[in-house]
Amino acid sequence: MNETKKTRKTGTEELPLMQKIVALCKRRGFVFQSSEIYGGLKSAYDYGPLGAELKRNIMAEWWRTMVHEREDVVGIDASIIMSPKVWEASGHVSGFADPLVDCLVCRARFRADKAPQVSPGETVEYRKEGKTIKGVAERGYVCPECGAVELSEERQFNLMFKTNLGPIDSDDNTVYLRPETAQAMFVNFLNVQQTYRLKPPFGIAQQGKSFRNEITVEHFIFRSCEFEQMEMEYFCPPEEAPQWLDYWKDERFDWYIRLGVKKENLRLRPHDPDELAHYADACYDIEYRYPWGWDELEGIANRTDYDLAQHQAASGKKLTYFDPQRVNPDTGKPGMHYLPYVVEPAAGATRAVLMFLVDAYEEEPPSEGRPDGRVVLRLHPRLAPIKVAVLPLVKKDEWLTGKSRELVKAFWRNSINAFYDEKDAIGRRYARQDEAGTPFCITVDAQTREDGTVTLRTRDDMQQERIPLEDAVDIINRKIRDS
RNA sequence: GCGGGAAUAGCUCAAUUGGCAGAGCAUUAGCCUUCCAAGCUAAGGGUCGCGGGUUCGACUCCCGUUUCCCGCUCCA
C-alpha cells in the first residue's frame with residue numbers, strides 16, 4: 001500500500017441519501033431539472049440518457065409481465081385528451097375543484113366544505129396571540145384548527161390541467177389533460193371486450209402520462225404534476241372482486257421482489273375505511289421505505305362497478321357484459337347482463353424509477369486497490385440502462401479496440417444495449433459502469449489474441465472469469481434472461 | 001399556501017471586514033504496453049440562479065423573483 005495515495009474528497013459521505021441520489025442523477029445523466037437554463041420549472045424533470053433507458057426498461061418489464069405473459073390482459077394506448085364528459089362522469093371535475101381557504105390567524109389551510117359549520121353571522125370565540133377574542137363568522141364556517149373567523153378568500157384549486165381544444169380560448173372548448181389513465185380503459189371497455197373476444201375476468205392495461213396540479217410537489221420526481229402511470233383495470237364478475245384484489249396485491253408485490261427490490265423496504269398496507277377513495281371499497285398500498293419514510297409506490301383498489309355505472313348513466317350507453325352461460329337469478333334461465341367489478345393495480349412509473357434508484361444505490365467502503373470505495377447501483381440486469389460494457393484493456397492496441405467494437409455491434413444486433421469505453425485505466429472504467437448500474441463488463445486483452453477468451457467482470461461481486469469471446473453474446477443474454 | 005434553509009465551474013464545496021473568483025474530482029489532448037477510481041504534462045470551462053437597489057467598488061449588504069431541500073398543509 002502506498003500511503004501517499006490521495007483519498008478522493010467528494011464530500012458525498014456526509015450528504016443525506018436523497019441528495020446523493022439527486023446529485024448522481026444529474027452527474028450521470030439520469031434526471032435533469034426541466035428547463036434548467038431558464039432557472040427551471042417547478043416539479044418538471046427531464047430524463048437523460050441513462051434515465052430514459054431505466055424508465056423504458058421498467059415500463060417494458062411491466063408490460064411484458066402484465067400484458068405479454070398473460071392471456072387475460074391486453075393493452076391499449078389512449079389519447080391523453082378525452083371528452084370533458086368523461087371527467088364529469090368520473091367525478092374528477094367536481095371532486096378536483098375543492099374550495100380551499102387559509103386561516104389568517106394560524107396559517108392553516110383547509111377545505112371549506114370540511115370546516116366546522118356555524119350559522120352565518122354567529123359570534124364565536126377563538127384564541128389569537130394568546131388572548132381569547134370574539135369575532136363574527138360571516139362565512140358560515142370557522143378555521144378547523146383555531147376556530148378563527150379571519151379567513152382568506154375561498155380559492156378554487158383546479159387539480160386538473162385545463163386547456164382548449166381548438167385555436168380559440170373559450171369556455172365551450174375546454175378540455176382537460178387526463179389526471180389518470182384509468183378512465184380510457186373504462187370508456188373503451190366494450191370496444192376492447194368485443195373486438196378481442198374477451199370474457200371476464202380480463203384486464204385492460206395502459207401506460208402513459210397523467211397530469212395533476214398537486215398542491216404540494218415534493219421529493220424530487222416522487223410527486224410531480226406531470227407523471228407517468230402503469231395501470232391495469234381487471235374486469236370481473238362482482239362476486240369475484242375480493243379474490244382478485246387479493247390475487248393482484250400479491251402479484252404486484254412479488255413483481256417488485258422479482259426485480260430485486262429489498263423485501264425489508266417494501267410492505268403492503270390495507271387502507272383504513274376512512275381513507276378510501278370515493279370509488280373504492282377496498283384498497284392496498286404497496287409502500288416503499290424511501291429516505292423520508294414509508295410512502296406510496298402503487299395502489300391496488302377494488303373500484304367496484306362505480307366507474308362503469310357512472311359512464312353508463314352519463315353516456316346513456318349500455319356498458320354491461322352479457323354472459324350467455326350465467327344463470328339469471330331473476331328468471332332462472334341462462335343469460336345475464338351485468339356490470340363487471342374492477343380491480344385496479346395502479347403503479348407510478350416515474351415513482352418506480354426513483355424507488356429502483358434508491359433501492360439499488362449502495363456505497364462500499366474503501367478497500368485495498370479501491371482507496372475511495374465505490375458507488376454502485378445494483379439495478380436488476382433487466383432494468384439496467386446499459387447491460388454490458390466492452391473494454392479493450394489497452395487503447396493503443398488496434399487489434400484489441402477492433403475486436404471490442406465488433407463485440408459491441410454483436411450485442412446490438414441481439415438487442416442488448418452495450419457500451420464501448422477505451423478511456424482511462426481499467427479500474428476507473430469499471431467504477432464508471434458500477435455507478436451507472438451496468439451489471440457486466442467484458443475486457444478484451446492480449447490473452448484474447450492467444451486463446452480467444454475475454455474477461456467477464458460482474459458488477460455485484462467484482463469477480464472475474466474468462467469466457468470465450470465467441471460465446472459472450474449468448475452468455476450475457478442468458479444472464480440477463482435468467483436473472 | 002405558510003415557516004425555515006439553500007443556490008458560486010459538469011459534481012461537491014471554498015473565497016477574511018464590501019476590494020482582480022479558487023480547490024478537489026470530472027471533462028479534453030498527450031505520456032505511461034494498464035484487470036478495479038494509479039502517476040505525470042497541458043488545456044478548456046464562471047455574466048457567482050435571475051432582476052433591481054445601495055456603494056468609488058457587490059459573490060458578499062437590501063428588495064423582489066425563480067428553483068431545490070426540510071417541516072407544516074394538501075393528497076379525489
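In what follows, every chain begins at residue 1, and chains take the letters A, B, ... in the order their sequences are listed.
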**Request:** For A/S90, answer base if it contacts any base atom (sugar-phosphate contacts may also be present), sugar-phosphate if it contacts only those atoms, and nothing otherwise; contact means non-hydrogen atoms under 4.0 Å.
**Result:** nothing
**Prompt:** So does A/R374 pair up with A/E362, basic N to acidic O under 4.0 Å?
**Reply:** no
**Prompt:** Which part of the nucleic acid, if any, lies within reach of A/F32 when heavy atoms closer than 4.0 Å are counted: base, sugar-phosphate only, or nothing?
**Reply:** nothing
**Prompt:** Are A/Q229 and A/S210 linked by a side-chain donor-acceptor pair shorter than 3.5 Å?
**Reply:** yes
**Message:** Measuring only the P atom in each nucleotide, how far is B/rU60 from B/rA15? A whole number of Å is fine.
**Reply:** 14 Å
**Atom-to-atom span, CG of A/D424 to C1' of B/rU28 - whole angstrom** = 11 Å
**Which nucleotide in B/rU27, B/rU34, B/rC35 has an atom nearest any side-chain atom of A/T443** = B/rC35
**Distance, C1' atom - from B/rG71 to B/rC36, rounded to whole angstrom** = 43 Å
**Asked** Among the nucleotides B/rU34, B/rC68, B/rC70, which one has an atom lying closest to any side-chain atom of A/A425?
**Response** B/rU34
**A/K42 NZ - B/rC68 P separation (whole Å)** = 7 Å
**Request:** For B/rG5 and B/rG51, measure between their C1' atoms and round to the nearest Å.
**Result:** 22 Å
**Side-chain donor/acceptor of A/R223 to base of B/rC75, under 3.5 Å** = yes
**Message:** Tell me whether A/D421 is salt-bridged to A/R429, with the criterion being a basic N under 4.0 Å from an acidic carboxylate O.
**Reply:** no
**Request:** Please measure how far the C1' atom in B/rG45 lies from the corresponding atom in B/rU17, and state the result in whole Å.
**Result:** 31 Å
**Message:** Any donor-acceptor pair under 3.5 Å linking the side-chain atoms of A/D359 with those of A/Y288?
**Reply:** yes
**Prompt:** Any N or O donor-acceptor pair linking the side chain of A/Y430 to the base of B/rC35 at under 3.5 Å?
**Reply:** yes
**Message:** Ignoring hydrogens and geometry beyond distance, is a side-chain donor-acceptor pair present between A/E231 and A/T181 at under 3.5 Å?
**Reply:** yes
**Item:** Pairing nucleotide - B/rC68, Watson-Crick or G-U, each distance under 3.5 Å
**Value:** B/rG5
**Request:** Taking only the side-chain nitrogens and oxygens of A/K20, find out if one of them lies under 4.0 Å from OP1 or OP2 of B/rC11.
**Result:** no
**Asked** Considering every strand shown, what is the Watson-Crick or G-U wobble mate of B/rA58 when both distances are under 3.5 Å?
**Response** none
**Asked** According to the Watson-Crick and G-U wobble definitions, with both distances under 3.5 Å, which nucleotide is paired to B/rU41?
**Response** B/rA29
**Prompt:** Whole Å only: how far is the CD atom of A/E465 from the C1' atom of B/rC36?
**Reply:** 17 Å
**Request:** Measure from CD on A/Q183 to C1' on B/rA76 and round the result to the nearest Å.
**Result:** 12 Å
**Prompt:** How far does the P atom of B/rC59 sit from the matching atom of B/rU16, given to the nearest Å?
**Reply:** 12 Å
**Message:** Regarding A/R28, tell me which of base, sugar-phosphate or nothing describes its non-hydrogen contacts under 4.0 Å with the strands shown.
**Reply:** nothing
**Message:** I need the CD1-C1' distance between A/I426 and B/rU33, as an integer number of Å.
**Reply:** 14 Å
**Request:** May I ask you to verify if any side-chain N or O of A/K26 is less than 4.0 angstrom from the OP1 or OP2 atom of B/rC11?
**Result:** yes
**Asked** A/H219 side chain N/O closer than 4.0 Å to the phosphate oxygens (OP1, OP2) of B/rC70?
**Response** yes
**Message:** With no hydrogens and no angle check, just 3.5 Å: does a side-chain donor-acceptor pair link A/T453 and A/D451?
**Reply:** yes
**Asked** Within the modelled atom types, does a donor on one side and an acceptor on the other bring the side chain of A/R457 and the base of B/rC36 under 3.5 Å apart?
**Response** yes
**Prompt:** Who does B/rC35 pair with, Watson-Crick or G-U, both distances under 3.5 Å?
**Reply:** none
**Asked** When you compare B/rA6 with B/rA14, how far apart are their P atoms, in angstrom units rounded to a whole number?
**Response** 11 Å
**A/G39 or A/G427, whichever maps to the more 5' nucleotide of RNA chain B** = A/G427
**Message:** Base, sugar-phosphate or nothing for A/Y38? Non-hydrogen atoms, less than 4.0 Å.
**Reply:** nothing
**Prompt:** Is A/R27 near enough to B/rA9 that one of its side-chain N or O atoms lies under 4.0 angstrom from OP1 or OP2?
**Reply:** no
**Item:** side-chain hydrogen bond (donor to acceptor under 3.5 Å, both in side chains) assessment of A/E298 paired with A/Y256
**Value:** CA-CA 11 Å; A/E298 172 164 351; A/Y256 293 103; 2.7 Å; yes
**Item:** B/rG19 versus B/rC61 - spacing of their C1' atoms, nearest Å
**Value:** 15 Å
**Complete:** Rounded to whole Å, the CG-C1' distance (A/D434 to B/rC35) equals 13 Å
**Prompt:** Roughly how far apart are A/M59 CE and A/L54 CG, rounded to 0.5 Å?
**Reply:** 11.5 Å
**Request:** Could you check how far CE of A/M18 sits from C1' of B/rC70, rounded to whole Å?
**Result:** 12 Å
**Prompt:** Base, sugar-phosphate alone, or nothing: which one does A/Q33 contact when heavy atoms must sit under 4.0 Å apart?
**Reply:** sugar-phosphate
**Prompt:** Starting at the 5' end of RNA chain B and moving along, which residue's nearest nucleotide shows up first, A/E36 or A/L41?
**Reply:** A/E36
**Asked** Who is the Watson-Crick or G-U wobble partner of B/rA23, with both distances under 3.5 Å?
**Response** B/rU12
**Item:** Atom pair distance, as rounded to whole Å: CG in A/L456 and P in B/rC35
**Value:** 17 Å
**Message:** What I want to check is whether an N or O donor and acceptor connect the side chain of A/E214 with the base of B/rC75 at under 3.5 Å.
**Reply:** no
**Prompt:** What integer number of Å spans the P atoms of B/rA42 and B/rA23?
**Reply:** 14 Å
**Item:** Options B/rA76, B/rC69, B/rU28, nucleotide nearest the side-chain atoms of A/F220
**Value:** B/rC69
**Item:** Given B/rC35, B/rG1, B/rU12, the nucleotide with the shortest approach to the side chain of A/T216
**Value:** B/rG1
**Prompt:** Heavy atoms under 4.0 Å, any strand shown: does A/D445 hit a base, just sugar-phosphate, or nothing?
**Reply:** base
**Asked** Under 3.5 Å, is there a donor-acceptor pair between the A/Y430 and A/T443 side chains?
**Response** yes
**Residue A/Y45, side-chain atoms from C-beta onward, closest of B/rA29, B/rC35, B/rC69** = B/rC69
